[in-house]
Each structure stands twice: as structure tokens, then as C-alpha cells.
Amino acid sequence: MRSNKILITLLILFLAFNVSFSQSTSKKSSTKWKKHVALGIPTDSDSSDDFIIKRPQYVLSYNADKNVANWVSWNLNKSWYGKVKRWSGSFFKDPLLPKDVYKVKHSDYTNSGYDRGHMVRSEERTKTVTDNKSTFYLSNVLPQTADLNQRLWLDLEYYCQSLCVDSLKELYVMAGGVFHSGNRIESLVSIPDSCFKIIVVLNKGEGLSDVNANTEVIAVMMPNKDGIIDFDWKHYTTSIDRIEKSIGYDFLNMVDEDIQKMIELKVYKECNN
Ligand code: MN
Ligand code: MN
């Protein structure tokens, strides 16, 4: 009897240790997403069509009716750029979506006339294979025209890379689509009329408490059509205010109200640099 009691006590101790150990390890990896929304989780008046997916590599709000993200939000600095080669396989269904939600698959885009346009760029997550593959979930993808994806959008992605790698900046980036026309690929995947991107430019290591009225922000709204390559991305700069009005989301809502007001009405000019 006595040895039984000792055995049971040992078993309980062992289980308790295991549970607390696995909790602390999962806690460690599960807080990595927080940096991607350090300036606020974008919200609109109706949260029923926002399914938030949190990953160590980015955070997004998925719209199960549109079958695309409402927005994707991610932190970016030099440390995210590495030597991992771009994943060369197909894009993936997002396994973190709820069971009853349709999961967009690679072939849904095939022959649609639209590129699978990354929000978090593949090259922006090249430290590990896991990081890179995470950008290939179709929840991180919007249908973009070739001219947008391969020219203007890419040019701004190059600019972000140079800010991080050459100028050692810390970026907080939010991107997504503007959907007014209701166009879809095969009545399934919503096609944005234009795509927006908001970039808050801080110095490496900086975060929420460093945002002030002079903080540089780059906001663009680019048409999702072909025949736009005569202009570069700077032609499509706008204010965060105008993006907020257009899609109904409030960005940077953790930033002090007065500072938010001041930086959200700015339109990026190259001479800011
Ligand atoms: Mn792209
Ligand atoms: Mn705001």
C-alpha cells in the first residue's frame, strides 16, 4: 500500500512538472507574434468577419466571406533577411483556419490571370525554412496583377529591404486589399480593386514608445490593374487616414491619439529623407 502511495505521488509530481514545462516552452514561442502588432491590432466596426491568425512570422485577420485576409501585419528589420532559398513548391492551404471555413488552395489561382501576391514577401522571411514557408500560406496572399506584383509592389518591397539592410531601420508593416467592386476568381477568391501598404519607419530596436509626431510613415494605395508600370510606387502615396476611410479599419490604435492623428494625415514625400 505504502509503495503504491509513493508511486502515485511520484506520478503526480512527474505529470505536474511536465505540464508546467510544456506550458512554459509553448508560452515562449507563442508570444513571438506580439511584435507584429506592437502598434495595435487593426479593428473595424464589425469583428465577426475578422478571424485573427497569430504566427511567429506575422499576424493577420482572415475574412472567411472574401476568402482573403482583411489585413496582414508584420515587423521587419535586418534580422529577418537570411540565406534560405525561396520555397519552390506550391502555396499551402492555411491549416490554422477554422474547420468550417473554405481553405483557398494553390490551384484556385491557376489560369485566373492573377499572380499569387504575397503580403509578407517571401524574401522578408529567409532566416529559416519554416519562416519562409509560412509566407506561402494562401491566407498571406492576394490576387495581384502581374504589373502590380512584379513591378510597383515589388519596387516598394525592395525599398523596405534597403531601409532594413542598408539603413538599419525597424519597420512595422500592414498590408491588404481594398474591395469595392466585388470581383472574384471563380466566385471564390475576392480580387482587390487596389492594394494598400502602411510602413512605420523606426530605427532598429525601436517600438511603440518611440513613435512620435515626426515618425516617418509611408502609405500607398496602388491600383490592382495592368498598364501601371509607367509610374513607380511613389506615384501612389497617400495618407493612413485615407486608407482607414476607404476600408474602415483603424490602424496604429495603440499609438497615442494625438500622435496618431498627426502621422495618419501625412503623405510620404521623398524629400522627407
Ligand atoms: Mn509579390
Ligand atoms: Mn488609426
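Counting starts at 1 for both ligands and their atoms, in listed order.
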Item to check | Shortest non-hydrogen contact from Y137 toward P95 | outcome: CE2-CD, 3.3 Å
Checklist outcome for this item: Within less than 2.8 Å of the Mn ion (ligand 2), the count of protein N, O or S atoms comes to 5
Item to check | Y62 side chain to N67 backbone, donor-acceptor under 3.5 Å | outcome: yes
Item to check | Donor-acceptor pair between T145 and D147 side chains, under 3.5 angstrom | outcome: no
Item to check | Lys/Arg N to Asp/Glu carboxylate O, D44 vs K245, below 4.0 Å | outcome: no
Checklist entry - Mind checking who shares a hydrophobic cluster with V84, ILVMFWY linked at side-chain heavy-atom distances under 4.5 Å? => result V129
Next on the checklist: Check this for me: does any side-chain nitrogen of one of E170 and K78 sit under 4.0 Å from a carboxylate oxygen of the other?
Outcome noted: no
Next on the checklist: Can you confirm if the NZ or CZ of K127 lies within 45° of the ring axis of W80 and under 6.0 Å from the centre of its six-membered ring?
Outcome noted: no
Checklist entry - Passes salt bridge (Lys or Arg N to Asp or Glu O under 4.0 Å), K169 versus D210? Steps please. => result CA-CA 13 Å; K169 296 293 183 186; D210 301 291; over 6 Å; no
Item to check | Shared-cluster residues of L265, by chain and number - hydrophobic side chains joined below 4.5 Å | outcome: none
Checklist outcome for this item: Atoms of type N, O or S from the protein that sit nearer than 2.8 Å to the Mn ion (ligand 1) number exactly 1
